[in-house]
Structure formats: structure tokens, C-alpha cells
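A note on names: the letters A, B, ... follow the listed sequences, proteins ahead of strands, and every chain is numbered from 1. Any value given below was found using the heavy atoms of this structure, including those in side chains, with hydrogens, waters and symmetry copies removed.
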Amino acid sequence: MANDWPLYEVFIRSRSGLEHKHVGSLHAADASMAVEHARDVYTRRQEGVSIWVVRSSDIVASDPDDADALFEPAKDKVYRHPTFYTIPDEVKNL
Amino acid sequence: MSEQHARFRYLLRLGDSSLVLGQRLGEWVGHAPTIEEDLGLANLSLDFIGQARLLLTYAGEVEGRGRDEDALAFLRDAPDFANVTLAEQPNGDFGRTIVRQVLLDAWQFETYEALTASTDTRLASIAAKALKETRYHLRFSSGWLVRLGDGTEESHRRVQQSLNELWRFTEELFTPDEVDTTLAADGVAPQLAELQARWSARIDEILGEATLTRPPAVPYPWHGKRGVHTEHLGHMLAEMQHLQRTYPGARW
Amino acid sequence: MYTQGLDSLGKECLHTTAADSAALEAHFQGKVDADDKIEPKDWMPDAYRQTLIRQISQHAHSEIVGMLPEGNWITRAPTLRRKAVLVAKVQDEGGHGMYLYSAAETLGISREQMVEQLLAGTAKYSSIFNYPTLTWADIGAIGWLVDGAAIMNQIPICRCSYGPYARAMVRICKEESFHQRQGFEIMLTLARGTSEQRAMAQDALNRWWWPSIMMFGPSDASSQHTAQSMRWKIKRFTNDELRQKFIDTTAPQAQFLGLTIPDPELRWDEATQHFRFGEIDWREFQAVIKGNGPCNRERLEARRAAHEDGRWVREAAAAHADKQQARAARAAA
């Protein structure tokens, strides 16, 4: 493959109202090409999407070994979850 | 020349140009410099085949002899094809394909944009859809021409040579004839002189960014628009039309 | 994300003791058994990683090489609609190859390495693409049989243990159904057409049937990797199970088409509720796998040519990107 074509991660918003989702990666020589490739590879069946491309080397990721430290505390904070609150049945849309 | 005949010929020029270009780009599938470019060129091919289907279907209706898109695509011989000569030129290397593409994308852009104001509302709506596609095509092809023109010494040399060799086919794009003047009179088709000025300016801008030199004008009066083609079209049609010719009347 | 994965390869060997290894392995297998997904930065046994790299890259190569037999008929498709559909299908296959290369790269191998392996002839790809497409009916047969077999293989992998591979397969399966329908529709049109078209369809079925059922790989008895791959949930069904399912599904379709499957021993077994079928000629399969099928050389030659002919293009794009970066740096300074 291309000697110096870096790897880009691709994020697509398939419909307005949704977030961008990570869909995969591709190689491109520059950012403009990366967007075009993303369009050709990941949006062949959709219109009106939004595409983000990011160089893979620019992504900072958490370490799975740190999972406990990063995420464990949230298990105690149960009041973030809607099921903590009892709402009378008569109240709609909550 | 009757207005109906002029419109039929004009629609064939647009439809056949898209068909022939779609066919040429289809030849690249599986052979492009990267898989990503393979997909990109295939997208272009699909767009052009789509344009051809809309335009040829309409052409058949205007003609009024019951010919549909496939009858026109597969059962006419080369002298009856009205594509611009540039479209039938062989792919050559990737750079040559890109040069051909930029010249034609810029032509289609001006043409389709002008046609969105056509008094023929069906043609206007086909043009509006095609214009959206052409915007993307132009971005793709001009982006690549810049990368190749302003890339390595080798890439620069290759595309400059392709540009020099294909330039003579650009004269035809804006040379008006009776078809054009008949249709310009009632607002169906645009005045070519205006389109040429804009095309020329856009090409200059792209070539400038690509560090390429615009070749001098070369007269070339053998125009595919009038059914006078190069030897390439005959071979292309022989390949394209083979099945329909070998099994006449069969449904596919 | 993935480049950091590349860095960590081998770190495990450096400072994990035997006890640590056993614990990591048990934790890993526990996740797999519980149908949890393994993601790129998770610890995994090296053999699991290598098996996946091999399987995913082979799958990717198959998609890319698979563009060639069908691409062969794009310029000769008999109607504009068929032409457009065929371009779209072949383009999908290229896209599938890309999803899979992308998934394989999360495991620490680069696209460049995988392409080199393919072009050097050291990587395998599905045997089926080493057969020639001789008539338009072959395009129908490929969609109906080859894509049909591929779907049968692929759907279970949507639930495989490795996240990126499973997600790529979900995406692929969504796009695949149109491929098989397209192929079957071509066969149907031919079968209901002129006598020459019917003969064309039967001839294609005669040539593509056995290679298609060979796609499922050697019989379970002679398949080395199956047991371990099933423990790791990379493989969910055995070769023979999938092959039987394919034949059971496809034989009635051939009947509907009014075409004859070229297997005189094919018959419905009321007791087992399956179709019985004849012996597969594994010598042909072995020959094709070893590089001596009808088109192995041509397929690799075509891919090598595309790669070599395109080298100046890729270099130019990289050079231009460097120039742009340098200009931007100067402008900012």
C-alpha cells in the first residue's frame, strides 16, 4: 500500500439528530482525500451524512487496565440512572 | 433542422458522453492504484451510467420511435453516437484518466449548471441532479490533478504529457453548430461562448495550482458530437454491445 | 489507538510470569465464554491474535481478488441497469475488503504488510476466485452460489468474539443480501429466456457448483484449526455444518430455476431431512489452493500490475502532502 499514507479513523453521522459513530479506518495521503475516501467507502448507501476523519495517531485512548480506576466510581453513583427514581404511573413522558 | 430533431441530437450528446465516460471508468475496476481509488472511480462510473440512463431514456421519448435506453446504447453503430471525442479516449495511466476527467468535469459543470435554467423542465431537473454529482466529480478530479501535477517529477511529467495530448479534443466542447443554435434560440440549451469563458477560467485556476502549463490551442475539426469519431469508439462499442448483438431479441 | 497496539506487541512476553500468563488467559477465555467482545487493546493470547490476523486478512484478500472475475464483465454487461448493478456490487466487494483490512490492522499488522503477502503469493484467499468467468451467466452463478455460500459463512461471524471483526461482518452482511438476489435474478431471467440463454445458465451452474461447495473448506475430519477456533468463538459452526446448510437451501432454488445441479448423487433424504450429495474431488481443491487453479496466476498478476502501475501515483500523493505540510509550517512560522 502507499508508503506514506497514514491511517485515519472514520466517524459518520448517518442521520441528523444522531451522533458520529466510529465505523472503521482507511489510508489517505491527506485530510481532504481521507474525507473523500470515507465518503466512497462508508457512505455508499446514504445521503446527507457528516464525516469526521482523524489521524489514528492523534487519538488518545484509555488503557483497559485502567478501567476500574476510571469507571468503578460511577457504579456507586446510582442516582445518575433513571431507575433510581420512582415516578407515579400517571405521569407520562418521564 | 426541426426543434425535435435538434433536441434529440442534443440529448444524445449529453447521454452518450456520460455513457462512454461511464464505460471507460468501468474499465478501471480492480486495477486502480489503491482500493480506495478503485471505489472512487467506480462511484464516478455509477454516476455517469445513471446520467446516461436518464438522458438516453428521454432522448428516446423525444425521438418518438420507441427506442429505450438499451436500444440506444446497444443497437446503434459508432456514426450514430454523439458523445464528445474526448470521452472516448483510452484511459491510459491514472494521470491520463484524471486529466480527461478534469477537462470533462469542468465542461459538464458549466453545461449542467446552465441547463438547470432550461425551458425544458425535464432536462432542467436531470441537470440539477447531475450538477450535484458533478460538483463532487470536479472536487475529486481536480484534487488529484493538483496532487499529480505538484507531486513528484515523474507525476508532473506524466500528467503534463497527457494534458498536451488530450488538449486538442477540448475545442469541440464549445464549438456551436446548428443543434446548439436551434436550441439556444428557445432557451432549451445555453450559449456555448459564455460557458467556454467560465470553463477556461476554471481550467486555468486548476492548472495553475497543479503547476501545469496550459497547452496552445490546436484545431481539431473531427467531432464526435456530429458522429465523426476516433478509432477507439468502434472497439469500445464492439465490446459493450457484444451480447445484445450476438443474441438479438433476448431479454437480460 | 492501533499504533499503540503495535507498540505493545511483545511487551507481554517481557514482563509476564507464567502465573500471570495463566491468569490473563483464564480471564480472556472467561470473557469469550460469556460472549463478551474482545477489543483491540485487550490482552489476548498470541495464537488468538495470529489466527485472527490470518483469517481476517485472508477474508479481505478474497474480497479484493473477487473484484476481478466479476469486474471482467462490467464492460460487457447486456443492459445499462445490469451494468450499474454489477459496478455497484464489485464496488461493495472492494469496500468489504477495506472494512476487513481495517479490522486486521487493529491487531498489529499494517495494510502494506498484508498487501505484500498477497502479492508475494504467501497469503491465501478464497479458492473460488481462481475460476474464470466465461459467460454472462457466470455473473448470475457467482451472485447466487458464491455470495450465497459467503453469506452462510459470514452470518455466524457477526457474533464472533473479536469486536472489530464482528462489527465489520455486520456491516458486510447488511450489504450482501442484494448481491445474492442480483445473482439469482440473473439466473432466473436466463432460465426463462431463449434456449441459448437457458443453456448458458446450465453451463454456468455446471462449472460453479462444485467450486462453490468447496468454499466451505475441507471436511471437519481433515480440518486442523476448527476446534481451537470454535473455543475462541472465531468460528461458530463447522465446515460440514455450513456446507450441508448451503446445499439444503440451494438445491430447491435450482429446482425452481429448472436447472440441474451437476451431482448425480444429490437426493433428499427423508430420514435425516437433509440433501445427500456426492464425494467432493478434494484433489481439485488442493490444486487450486496450491496455486494451480485455472486463474491463480492471472489474478495475482492483475493485482501486482495494479500495485506496480500505481506506485508513481501513491508516491506523488505522499509527496504532495509533504509539500503542503512544509508550506503550512513555513506560513505559520
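- The contact between B:Ala73 and chain C is made entirely by side chain atoms (from C-beta outward), counting heavy-atom distances below 4.5 Å.
- A salt bridge links C:Arg111 and B:Glu36; the closest N-O separation between the charged side-chain nitrogens and carboxylate oxygens is under 4.0 Å.
- Side chains of C:Thr75 and B:Glu239: a donor-acceptor N/O pair is present below 3.5 angstrom, by distance only.
- For a residue to count as touching a neighbouring chain, one of its non-hydrogen atoms must lie under 4.5 Å from one of that chain's; by this rule B:Trp28 does not touch chain C.
- Proximity to chain C (any heavy atom under 4.5 Å) is restricted, for B:Ile49, to the side chain, taken from C-beta onward.
- Both the backbone and the side chain of C:Leu80 come within less than 4.5 Å of a heavy atom in chain B.
- For C:Arg327 and B:Asp150, the salt-bridge test passes: some basic side-chain N is under 4.0 Å from an acidic carboxylate O.
- Looking at B:Arg24, neither its backbone nor its side chain comes within 4.5 Å of chain C, counting heavy atoms on both sides.
- Within the 3.5 Å criterion, the main-chain N or O of B:Gly30 finds a donor-acceptor partner in the side chain of C:Arg303.
- At a 4.5 Å heavy-atom cutoff, the contact between B:Gln244 and chain C is made by side-chain atoms alone.
- With hydrogens and angles disregarded, no donor-acceptor distance shorter than 3.5 Å links the side chain of C:Arg76 to the backbone of B:Leu243.
- Side-chain atoms of B:Glu69 never come within 3.5 Å of backbone atoms of C:Thr79 as a donor-acceptor pair (strictly under, hydrogens ignored).
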